[in-house]
K.L.:
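Have a look at this one before I ask anything.
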Amino acid sequence: MDYLSALVVLIILFTPAANAKLASSSSSVSAIFIFGDSTVDPGNNNYISTYFRSNFPPYGKDFLNHTPTGRFTNGRLANDFISQYIGIKEYVPPYLDPTLSIQELITGVSFASAGSGFDPLTPAINSVMSMWEQLEQFREYKAKLETAVGKDKTKELINNAIYFVSAGTNDFVVNYFTVPIRRRTYTISTYTTFLLQHARQFFQGLLDEGGRRIGVVGLPPMGCLPVVITLYTDNHGKRECIDYFSSVARNYNEMLEKQLKNMQIHQLQQSRSRIAYMDIYGPLHDMILLGSKYDFEEVSSGCCGTGLLEASYLCNKGSRVCSDANKFVFWDSIHPTERSYFVMFQSLRPVIDALSIHH
């Protein structure tokens, strides 16, 4: 996606008229539901007891009214761009927000919890909601909806909704490579297989609950995350991507994509269900390697603080913040800026369109 005129593009794109044109005329999406980690958590962790939070400045610096919502970035997440693009609503709210209206619930929410992952140990380490707890909350959500609009309308809404799952990075970066527990039992290869087994169980659970259109986001180039470079580089101070960690992500993504294709061909072919792989490794890696192509000036450190280690409470109101986050690929030492999320969203539009169109 050409991002040389980012500000103009954003202004044009997010006027109501432009949005109406972008949303596919053949789209029949009733609602949007999100599951996963901090890449898609709009603030659920605000309502649980965990250190994995971001509902304080400077997070949200470029969000509406400069509000720190709990999104781990300076503004919007990719889910917000996707939701608006398909014509649902401007922002996807957190399910745990007690102030949500029934209309907000009907059009969809995010169940994601920052710090979560497919490995049950990952959310336990971080004191956040597991993927299975998120699925249980989805069941709770369905029960609420049935009370409000009835079983038939609820079933129709659930079947016609679009679902996105984004998790896995914490399983490697926070869990496997940092805490020695899994490394005692698993090689990186067997751990990848272990993760994908848990991921498949989650996808099946989502299908069993009525999900019919599911997009699954792969891993980013983990060796390019500023915190990974800081902790593991031995390149004499040069801040360059560490290919070993990125190669783990590439291998995982290759296996995940194959798994999803097998599910589609052998399990879902006769049904109306669709499950698709969504590549973020490629576009994020491209932004990092070819920063000037997108008008990025800093690609290996975050906008907040030193940009080397800060995330969550280490990125706070006392932290120095860059003057223009649009020039940075990363907001903190782990999470992309709003602008990076927008570039990734743009690259995912063909998959979003394919999932959105009514078959």
Side-chain angles (χ1 to χ4, degrees), residues 3 5-16 18-19 32 34 37-48 50-85 88-101 104 107 109-110 112-115 226 287 294-298 301-346:
Y3 222 108
S5 303
L7 183 59
V8 175
V9 170
L10 283 169
I11 292 170
I12 293 173
L13 177 64
F14 292 106
T15 61
N19 187 56
I32 183 170
I34 313 286
D37 57 23
S38 57
T39 56
V40 286
D41 179 3
N44 281 307
N45 279 16
N46 301 351
Y47 306 98
I48 64 174
T50 179
Y51 287 108
F52 276 70
R53 289 187 182 181
S54 59
N55 57 334
F56 43 82
Y59 288 98
K61 182 176 80 76
D62 301 306
F63 198 80
L64 181 68
N65 298 324
H66 312 292
T67 305
T69 60
R71 289 167 172 81
F72 279 76
T73 187
N74 59 307
R76 286 163 286 186
L77 299 170
N79 359 343
D80 300 312
F81 294 124
I82 293 171
S83 177
Q84 190 163 29
Y85 173 68
I88 300 295
K89 53 188 172 184
E90 194 169 359
Y91 306 106
V92 182
Y95 172 66
L96 293 184
D97 183 350
T99 68
L100 292 184
S101 66
E104 279 279 30
T107 50
V109 292
S110 173
S113 180
M287 282 184 260
Y294 302 93
D295 203 25
F296 286 118
E297 295 178 359
E298 177 52 59
S301 61
C303 168
C304 184
T306 64
L308 307 181
L309 281 170
E310 293 88 344
S312 190
Y313 282 106
L314 293 178
C315 171
N316 54 60
K317 63 182 180 181
S319 301
R320 176 190 61 80
V321 179
C322 67
S323 59
D324 185 3
N326 286 330
K327 300 294 184 183
F328 282 66
V329 171
F330 293 97
W331 165 249
D332 59 21
S333 68
I334 302 172
H335 305 98
T337 56
E338 176 186 76
R339 188 174 162 203
S340 296
Y341 277 124
F342 184 76
V343 175
M344 285 185 273
F345 149 70
Q346 286 285 70

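As the structure is a computational prediction, the values presented were derived from the model and not from experiment. In what follows, residues are counted from 1 in the order of the sequence shown.
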K.L.:
Can you name the residues that form a side-chain contact (heavy atoms from CB on, under 4.5 Å) with P42, not counting sequence neighbours?
P.N.:
N44, R71, P94, S110

K.L.:
To the nearest 0.5 Å, how far apart are OG1 in T39 and CG in N79?
P.N.:
7.5 Å

K.L.:
List in chain and number order the residues that pass side-chain contact (heavy atoms from CB on, under 4.5 Å) with Y313, two or more places apart in sequence or in another chain; answer none if no residue qualifies.
P.N.:
Y51, R53, F56

K.L.:
In Å, rounded to the nearest 0.5 Å, how long is the span from OG of S54 to CG of N45?
P.N.:
8.0 Å

K.L.:
Under 4.5 Å between any side-chain heavy atoms of S83 and D80, yes or no?
P.N.:
no

K.L.:
For residues P93 and L100, report the shortest heavy-atom separation together with the two atoms involved.
P.N.:
CB-CD2, 3.6 Å

K.L.:
Suppose we screen for side-chain contact (heavy atoms from CB on, under 4.5 Å). Which residues come up paired with S312, at least two apart in sequence or across chains?
P.N.:
F72

K.L.:
Measuring only between side-chain heavy atoms, which start at C-beta, is E338 closer than 4.5 Å to W331?
P.N.:
no

K.L.:
With sequence neighbours left out, what residues match D62 under side chain to side chain donor-acceptor pair (under 3.5 Å)?
P.N.:
N74

K.L.:
Quick check against the 3.5 Å criterion: does D324 have a side-chain atom that pairs as donor or acceptor with the backbone of N326?
P.N.:
yes

K.L.:
To the nearest 0.5 Å, tell me how far H335 NE2 sits from D37 CG.
P.N.:
7.0 Å

K.L.:
Measure the spacing between CD1 of I88 and CD1 of I32 and express it to the nearest 0.5 Å.
P.N.:
7.0 Å

K.L.:
Going by side chain to side chain donor-acceptor pair (under 3.5 Å), name the residues that satisfy it together with T337, two or more places apart in sequence or in a different chain.
P.N.:
S340

K.L.:
What are the two closest non-hydrogen atoms of I34 and V92, and how far apart are they?
P.N.:
CG1-CG1, 4.1 Å

K.L.:
Stepwise, does the side chain to side chain contact (heavy atoms under 4.5 Å, CB included) test hold for Y341 with R76?
P.N.:
CA-CA 8 Å; Y341 277 124; R76 286 163 286 186; over 6 Å; no

K.L.:
If you round to the nearest 0.5 Å, how far is OH of Y294 from NZ of K327?
P.N.:
15.5 Å

K.L.:
Would you please name every residue forming a side chain to side chain donor-acceptor pair (under 3.5 Å) with T99, sequence neighbours left out?
P.N.:
D97

K.L.:
Test of understanding: with ring-ring contact (aromatic ring centres under 6.0 Å, His included), list the residues that count as partners of F328, not counting sequence neighbours.
P.N.:
none

K.L.:
Using only atom types and a distance under 3.5 Å, with no angle test, would you say the side chain of T50 pairs donor to acceptor with the backbone of F52?
P.N.:
yes

K.L.:
So how far is it from R339 CZ to F296 CZ, rounded to the nearest 0.5 Å?
P.N.:
4.5 Å

K.L.:
What pairs meet the salt bridge (Lys or Arg N to Asp or Glu O under 4.0 Å) rule with one or both residues in residues 303-321, with sequence neighbours excluded?
P.N.:
none

K.L.:
Among residues at least two apart in sequence or on other chains, which ones pass side-chain contact (heavy atoms from CB on, under 4.5 Å) with A311?
P.N.:
Y59, D332, S333, I334

K.L.:
Hey, are S113 and D41 close enough side-chain-wise for a donor-acceptor pair under 3.5 Å?
P.N.:
no

K.L.:
What residues, two or more places apart in sequence or in another chain, satisfy side chain to side chain donor-acceptor pair (under 3.5 Å) together with T107?
P.N.:
K89

K.L.:
State whether the SG distance for the cysteine pair C304/C322 is less than 2.5 Å.
P.N.:
no

K.L.:
Going by heavy atoms in the side chains, are F342 and Q346 under 4.5 Å from each other?
P.N.:
yes

K.L.:
Under the ring-ring contact (aromatic ring centres under 6.0 Å, His included) test, which residues partner F63, sequence neighbours left out?
P.N.:
Y91

